[in-house]
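Beneath this line is the structure, given in structure tokens, with notes to follow.
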Amino acid sequence: MKTFIVYAHAEPKSFNGALFRTAQETLRAAGHTVVTWDLYAMKFDPVSDRRNFTTAKNPEFFKQQIEEMHATEVGGFAPEVEAELRKMEACDLMIWQFPLWWFGLPGILKGWADRVFAMGRTYGGERFYENGVFKGKRALLSVTTGGPEAVYQKGGWNGDIHAILRPIQRGILRFTGWDVLAPNIVFAPVRVSDEERQAHLKGWAARLHAIKTEKPIEVGEY
Ligand SMILES: Cc1cc2nc3c(=O)[nH]c(=O)nc-3n(C[C@H](O)[C@H](O)[C@H](O)COP(=O)(O)OP(=O)(O)OC[C@H]3O[C@@H](n4cnc5c(N)ncnc54)[C@H](O)[C@@H]3O)c2cc1C
């Protein structure tokens with residue numbers, strides 16, 4: 001199995017860093033190929049505009065999706081976008097490792113998605129959802145929160161964590177055809193004991209050992 005892990009945390013010694021390393025070590029030890037992309041370490045530029053392209057369909061007026069379709073036809077993606085597209089196209093499983101920021105993705109990861117999920121190449125025509133471009137591939141969000149599990153219940157203080165993740169799981173991943181696996185959520189790693197954090201890392205490793213046979217979830221509708 002070929003796995004592609006996209007990682008968004010600025011501090012290697014963070015708990016996200018520990019989850020990222022655990023995933024790499026576990027999957028490699030199980031004989032899988034692992035390709036990683038450490039967005040902060042690589043200083044990935046998250047701004048999406050003409051820098052996404054080496055070509056211009058309309059140099060007078062920038063419309064991103066028109067340029068994406070043109071770049072798809074003529075091979076006009078900038079090297080840093082093309083490289084990420086190829087990693088997604090080559091993998092069987094994609095994992096995003098990130099802390100929840102403002103009920104969503106950290107800007108650097110959102111910008112990565114804004115630049116890389118290009119119209120024509122990753123969706124469009126009849127290719128959406130169950131007929132999407134990435135049909136047959138699996139994706140998994142591995143996310144940490146600041147708030148404890150108790151505040152992330154339906155009707156609770158912050159609401160249902162699965163509803164919070166739905167714009168990502170449905171609006172980006174399922175939309176482009178990925179089968180979505182259950183998210184790996186570590187609630188409030190900063191508030192729990194070191195033993196509990198170690199247990200989370202062990203649980204994550206155990207899950208990854210058997211990930212090849214895991215079935216996708218329903219991401220839900222609105
Ligand atoms: C801009 C912004 C927006 C935010 N928005 C939200 C939001 O909407 N909702 C929300 O709930 N939270 C939010 N947060 C909080 C954020 O989600 C959490 O701070 C983050 O998820 C915690 O993960 P971390 O990896 O940064 O933890 P860290 O603080 O890095 O780690 C937690 C603890 O784990 C320890 N640790 C590291 N490695 C190991 C290891 N191998 N074994 C055991 N322990 C280890 C660390 O030393 C530390 O004590 C936001 C934060 C920011 C900055």
Side-chain angles (χ1 to χ4, degrees), residues 3-30 32 34-48 93-116 139-174 180-211 217 219-220 222:
T3 309
F4 175 34
I5 311 177
V6 186
Y7 167 60
H9 202 294
E11 173 52 64
K13 294 194 282 293
S14 66
F15 196 65
N16 271 264
L19 289 162
F20 176 51
R21 284 189 295 280
T22 297
Q24 290 178 68
E25 288 160 12
T26 306
L27 290 164
R28 286 196 178 115
H32 302 303
V34 181
V35 172
T36 62
W37 189 235
D38 182 338
L39 292 164
Y40 282 99
M42 300 313 293
K43 300 196 186 315
F44 183 79
D45 177 356
V47 177
S48 190
L93 169 67
M94 177 169 71
I95 299 173
W96 293 1
Q97 179 62 58
F98 63 96
L100 190 70
W101 274 15
W102 297 121
F103 280 30
L105 298 170
I108 199 167
L109 180 52
K110 177 60 165 54
W112 178 87
D114 290 344
R115 297 189 71 193
V116 171
L140 191 166
L141 303 183
S142 181
V143 54
T144 61
T145 68
E149 188 166 8
V151 304
Y152 280 107
Q153 305 301 318
K154 194 171 182 184
W157 198 60
N158 280 348
D160 181 4
I161 188 69
H162 300 288
I164 289 168
L165 295 179
R166 196 165 296 140
I168 311 166
Q169 296 195 141
R170 182 174 176 83
I172 303 176
L173 297 172
R174 197 71 199 111
V180 176
L181 301 183
N184 176 49
I185 307 171
V186 179
F187 292 98
V190 75
R191 294 178 185 221
V192 302
S193 67
D194 195 49
E195 289 69 33
E196 284 172 272
R197 286 194 292 265
Q198 299 293 341
H200 279 302
L201 294 172
K202 278 199 187 122
W204 179 220
R207 183 178 168 196
L208 288 170
H209 262 297
I211 202 83
I217 57 163
V219 295
Y222 289 99

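Residues take their numbers from the sequence shown, with the count starting at 1. For the numbers below, each heavy atom of this structure counts, side chains included, while hydrogens, waters and symmetry mates do not. For ligands, and for the atoms within them, numbers begin at 1 and follow the listed sequence.
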- Does anything in residues 154-164 pair up under side chain to side chain donor-acceptor pair (under 3.5 Å), and if so which pairs, sequence neighbours excluded?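 Every side chain to side chain donor-acceptor pair (under 3.5 Å) pair that includes a residue of residues 154-164, provided the two are not neighbours, is Tyr152-Asn158.
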- Amino acids contacting ligand 1, non-hydrogen cut-off under 4.0 Å: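 Contacting ligand 1 under 4.0 Å are His9, Lys13, Ser14, Phe15, Asn16, Ala18, Pro99, Leu100, Trp101, Trp102, Phe103, Thr144, Thr145, Gly146, Gly147, Tyr152, Pro189, Val190, Asp194, Arg197, Gln198, Leu201.
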With the side chain counted from C-beta on, respond yes when [X] and [Y] share a heavy-atom pair under 4.5 Å apart, and no when they do not.
X      : Y      : result
Pro46  : Trp112 : no
Leu105 : Ile168 : yes
Tyr7   : Tyr40  : no

- Message: So, using salt bridge (charged side-chain N to carboxylate O under 4.0 Å, His left out) as the criterion, who are the partners of Asp38 when residues are at least two apart?
- Response: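 Scan of Asp38 (salt bridge (charged side-chain N to carboxylate O under 4.0 Å, His left out), adjacent residues dropped) gives none.
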- Message: I'd like to check the salt bridge (charged side-chain N to carboxylate O under 4.0 Å, His left out) partners of Asp45; sequence neighbours left out, ordered by chain and number.
- Response: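 Per chain and number, Asp45 pairs via salt bridge (charged side-chain N to carboxylate O under 4.0 Å, His left out) with Arg51.
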